[in-house]
Amino acid sequence: MQLESILQQRFGYSSFRSGQKEVIEQILNGKDVIALLPTGMGKSLCYQLPGYVLNKTVLVISPLLSLMQDQVDQMKLFGEKRVIALNSFLNKEEKNRVINGLEQYRFIFISPEMLAQRQVQQKLNRIELSLIVVDEAHCISQWGFDFRPDYLRIGEMFGTSRSPILALTATATNKVLEDIELYLNMKEPFKYIHSVDRPNIHLSKMSFSNREEKLEWLFQHVSNTAGPGIIYTQSRSKTHSISETLLQNGISAASYHGGMDLLDRQFIQQQFIEGTLDWIVATNAFGMGIHKQDVRQIIHESIPSNMANYMQEIGRAGRDGNDAVAILLYSEHDEELAKFVGIDDLPLEQHVDIFEEYQRNGQDATQMLKQGEISETAFRVLNYWMEQKTPNEVKTIFQNMKIEKMQKVEEVMKLITSDTCMRETLVHYFGQTLNDKPEQCCINCGLDLAQLLIAKEEKNLSSFSMTWQERITNLLTKKS
DNA sequence: CGTGATGCGCTTAAGCGCATCACGGTGCGTTAAT
């Protein structure tokens, strides 16, 4: 077959992984495609290969600058020179130069915000695209409505006779799939839906009556069992306090959150990936685009704000296919903070009124921002919805968002309090059915955690002998 | 909405009881003030 020979020649693989060929064939037939593929199943091949077959520019819309940078570096490493990330890392001159010569690139990575700029759109409309890719497409639904509204504008950016769109994601509920289809203006897309279940991730949970007991258990647990692992917590300050306590107890740990310096974040991430750092204590900022194979534990010190986040976060464990555990910790009233944080930054009814007032007087509504009446995020979100709907409709939309966010926390609470199989609950939440349960399924199915976890000393010994072997190998290769 | 830190007033002047207050996630791009 022709596709196989391109796969062999260009990428050096002898066969496709499940889903890849179906997805690529549909793209080559000119169809829109939504592909739900687990991480590590070769999503990027699904657009790289068509890029070479169709021989025109591929546009990849990506949520994070660091993610774009990684992918560009990766492709350059494999010999592709005609690849660029069009984002704010470029200065004004560089940006203009790139935009003016846009057609010379085979792969262009871009953020939704940059894509929304008129200058960029005008240029893009004049060049021929073979394919439009939306990477991490669940962001449309996860971030579009109340955080990064430009995610909802992607569909508008391209005319009616546009190139096919490929939406890629690892976790999407039926509602998220609907949102993707709707906001990307897709026409009867082909859907490739892989199971979201990850049988080698074993699920557990524990409840405590107060925070101290919970933290005490956490510190005991991390002292006695081996990483590498990620501890997810609710606030930036908690990432620091927990990692400091771990450090004081001689455990290799560092904190990570969105308010930290970009270089610090990259440094910590790098150390974790290389294996010189055992534990990361993080907010939900940590994880997207982290390709670490051997994460053994995911511990939620605080309740995740919804099931989708929980699924994505535990999904960072066990990419190598070996056993990993996810432990969800809960102490009374934890859900209150999750609810508060979720709705805290949504625009209020009074903001809608003020915005309308400015508009009616023919004034620039951005004055709200300058006068500190509203946060930057809330203003951008408000601005989007005021373009789309009437003020009363906008008020209803925000009211419904609040209710929805609280309900989503309650759904996680059900996972915490219920006796039914955690894996089944999760898989059902994503609109799928669970065919096989692993032997060590979840705590409600009689999981033996101790058997799955490696004691800390054991791990240290093996890692010591590993580094010793590596040293010898290094010595030998240097001498020869 | 709940938590934890801080502060105040009271009083077998060192520590208790209670009130008050600050704080709380996710990222893009651009720009103003040093």
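Order of the sequence lines sets the chain letters (A, B, ...), proteins ahead of strands, with each chain counted from 1.
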* Would you say A:Arg198's side chain and A:Gly315's backbone share a donor-acceptor pair under 3.5 angstrom? -> yes
A cation-pi test, strictly: NZ or CZ of A:Lys214 under 6.0 Å from the centre of the six-membered ring of A:Tyr330 and no more than 45 degrees from its axis. Yes or no? no
When rounded to whole Å, the CE to P distance for the pair A:Met406 and B:dG2 reads 12 Å
Across every strand shown, the nucleotide meeting Watson-Crick or G-U wobble geometry with B:dC8 (both distances under 3.5 Å) is B:dG17
Checking A:Lys292, A:Gln293, A:Arg296 against A:Asp320 for side chain to side chain donor-acceptor pair (under 3.5 Å), the one that qualifies is A:Arg296
From the candidates B:dT26, B:dT30, B:dG24, the one with an atom nearest any side-chain atom of A:Phe340 is B:dG24
inquiry  = Between A:Glu80 (side chain only) and A:Arg82 (backbone N and O only), is there a donor and an acceptor less than 3.5 Å apart?
reply    = yes
Between the base of B:dG27 and the side chain of A:Thr377, is one N or O donor paired with an acceptor at under 3.5 angstrom?
yes
By nearest-heavy-atom nucleotide on DNA chain B, the more 5' of A:Glu336 and A:Ile343 is A:Glu336
Q. Is there a donor and acceptor pair closer than 3.5 Å between the side chain of A:Glu376 and the base of B:dG27?
A. no
Sorted by number, residues from residues 206-217 of chain A placing a heavy atom under 4.0 Å from DNA chain B are A:Arg211, A:Glu212
Review point. Can you tell me how far C1' in B:dT11 sits from the matching atom in B:dG17, rounded to whole Å?
Key: 12 Å
A:Gln312 atom CD is separated from B:dT26 atom C1', nearest whole Å, by 11 Å
By nearest-nucleotide position on DNA chain B, the 5'-leaning member of A:Leu337 and A:Leu64 is A:Leu337
